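What follows is one structure encoded as structure tokens, with my remarks underneath.
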Amino acid sequence: MMDATSGGTGQGDAANDPAERCRRARAALRAAGDLSTQATAADVERVVVILASSRGMSSFLFNLLRSTGSFTSLIGEHIHLYKMFGLLRPDADDAVVDAPGGDRAGFAAALLDDLTIPDPEPVAERTRIQRLARQLAGQWHERLPPIEVVVGAIERAMAALRDQRDPELHFLHVVRQLRRAEMPIDPWYYDLPADKVAAVFPELARPAGPPALSDVIEEPPFVLPAVGRAATRADLRARPLLLKSSSDAYRVAELAKLFPAARITYVHLTRNPAASINGLVDGWLHRGFFSRRLPADRALAIPGYSEQPWGTRWWKFDLPPGWEAMRARPLPEVAAFQWSAAHAAILAALPALDPASIVTVRAEALIEDGSRRAELARILTHAGASADHALRAQPKMVMSTVAPKPGRWRDRQDVLATATSSPRVLQIASALGYGDRPGSAWI
């Protein structure tokens, strides 16, 4: 089995560069007629960007909107493409966008390659193989052999699974075959039901810490390949592009540079601080959400987190400006800092935008069927799509650490009391319309 830091490709230093790995993988899978040979970012006419803090229910809203069929989109976030193409530096916080050597064109080409639209029709097996190979190359980048070897192994695995109709079980059984081919893919790092993972891998212990990688490109929980049809250039003209990444809270001005010909709708998604901060604490204690492996000279000493073996070197979620001052603060304070930093950055960026381009949505309104449909219809109308498509939305919790319930943060109320009552949190909460003190409104 390959060592986690060896690179796994045997192709030299160039192959260990994320952007170069990405280009090589896509070149090996390139076929005539691929979208990236026909379209560029200049062909994107409309974009809808969800701006939110981490654990602010942005994944839930993203999947609601995606399920309407009104958008072209990735299956998840695009932060891994920022990293691959040098637009998010491993040695800098998420607000640093002037990365030397940043490749906006490469980012756009890779993004366009992976855009899909939900469709009930089965996807061709060749397409499924290529999508899975591309995703595995980003998720387990330094632990896999060359992409051609991965493709061959996936082909052999899928040939024996043509009767498996459950996409999650199909994926897990493919992973089982890849592991037998000495590809150390850990299924516990995917956004999958734990009972399914345990049923297919009863011998595999559930991890508590980060994946066995020197650093992550895509952040776990990893997403499964999209099951919809590939977007075409005509789809880019007819449908808005839907984007969601926690880092975009700090990069609002950069989005217009990535899509210079597009009319952009900014959906500012808010959620009460107690719920979001509690969700961040849950995530810091979960086996997922690792985002950066820090150098030894910037190690963490966060009470409530850094006692774990990996807790001094692995940061979770977004990395806001000023994070160094939080390296030894208690975990609830770190979470409160992340929530307030994200929304402060969004609030600071909004005045420079056309007010008509901004839609503000409360996460609490997405919980009930009636208010959810109304909010989705409002976003769809603003984006130039049909409001009637809100009826197609399929609610599904994703990237959840525990089963959701109203007011779940109250189970940790004593621990969160100081963090949620800080002047900074109360100031941002008030600016977002939640009032200036925790209470019944913070449901």
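Remember, predicted model here, so these are calculated numbers, not experimental data. Along the sequence shown, residues are numbered consecutively beginning with 1.
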Keeping the roles fixed (side chain from [X], backbone from [Y]), state whether a donor-acceptor pair exists under 3.5 Å.
| X | Y | result |
| --- | --- | --- |
| Arg292 | Asp215 | no |
| Asp103 | Gly106 | yes |
| Ser306 | Gly311 | yes |
| Gln139 | Val223 | yes |
| Thr420 | Leu416 | yes |
| Ser421 | Thr418 | no |
| Ser276 | Pro273 | no |
| Arg313 | Leu294 | yes |
| Glu307 | Tyr305 | yes |

Centres of the Trp314 and Trp284 rings: under 6.0 Å? no
Centroid-centroid distance, Trp140 to Phe222, less than 6.0 Å: yes
Of all heavy-atom pairs between Glu218 and Gln135, which one has the smallest distance, and what is that distance? OE1-NE2, 4.4 Å
Heavy-atom closest pair, residues Ser291 and Val216: O-CG2, 3.6 Å
Could you tell me if [Y] and [X] have a donor-acceptor pair between their side chains, going purely by distance under 3.5 Å?
| X | Y | answer |
| --- | --- | --- |
| Arg392 | His389 | yes |
| His170 | Arg128 | yes |
| His78 | Asp248 | yes |
| Arg55 | Ser246 | no |

Using the ring of each side chain (for Trp, its six-membered ring), is Tyr82 parallel, tilted or perpendicular to Phe107, with breaks at 30° and 60°? parallel
Partners of Phe62 by ring pair (Phe, Tyr, Trp, His ring centres under 6.0 Å), sequence neighbours excluded? none
Under the criterion side chain to side chain donor-acceptor pair (under 3.5 Å), I'd like the reasoning laid out for Ser54 against Asp318: C-alpha separation, chi angles, the key distance, then a yes or no. CA-CA 7 Å; Ser54 294; Asp318 49 304; 2.8 Å; yes
Carboxylate-amine/guanidinium proximity below 4.0 Å for Asp186 and Arg287: no
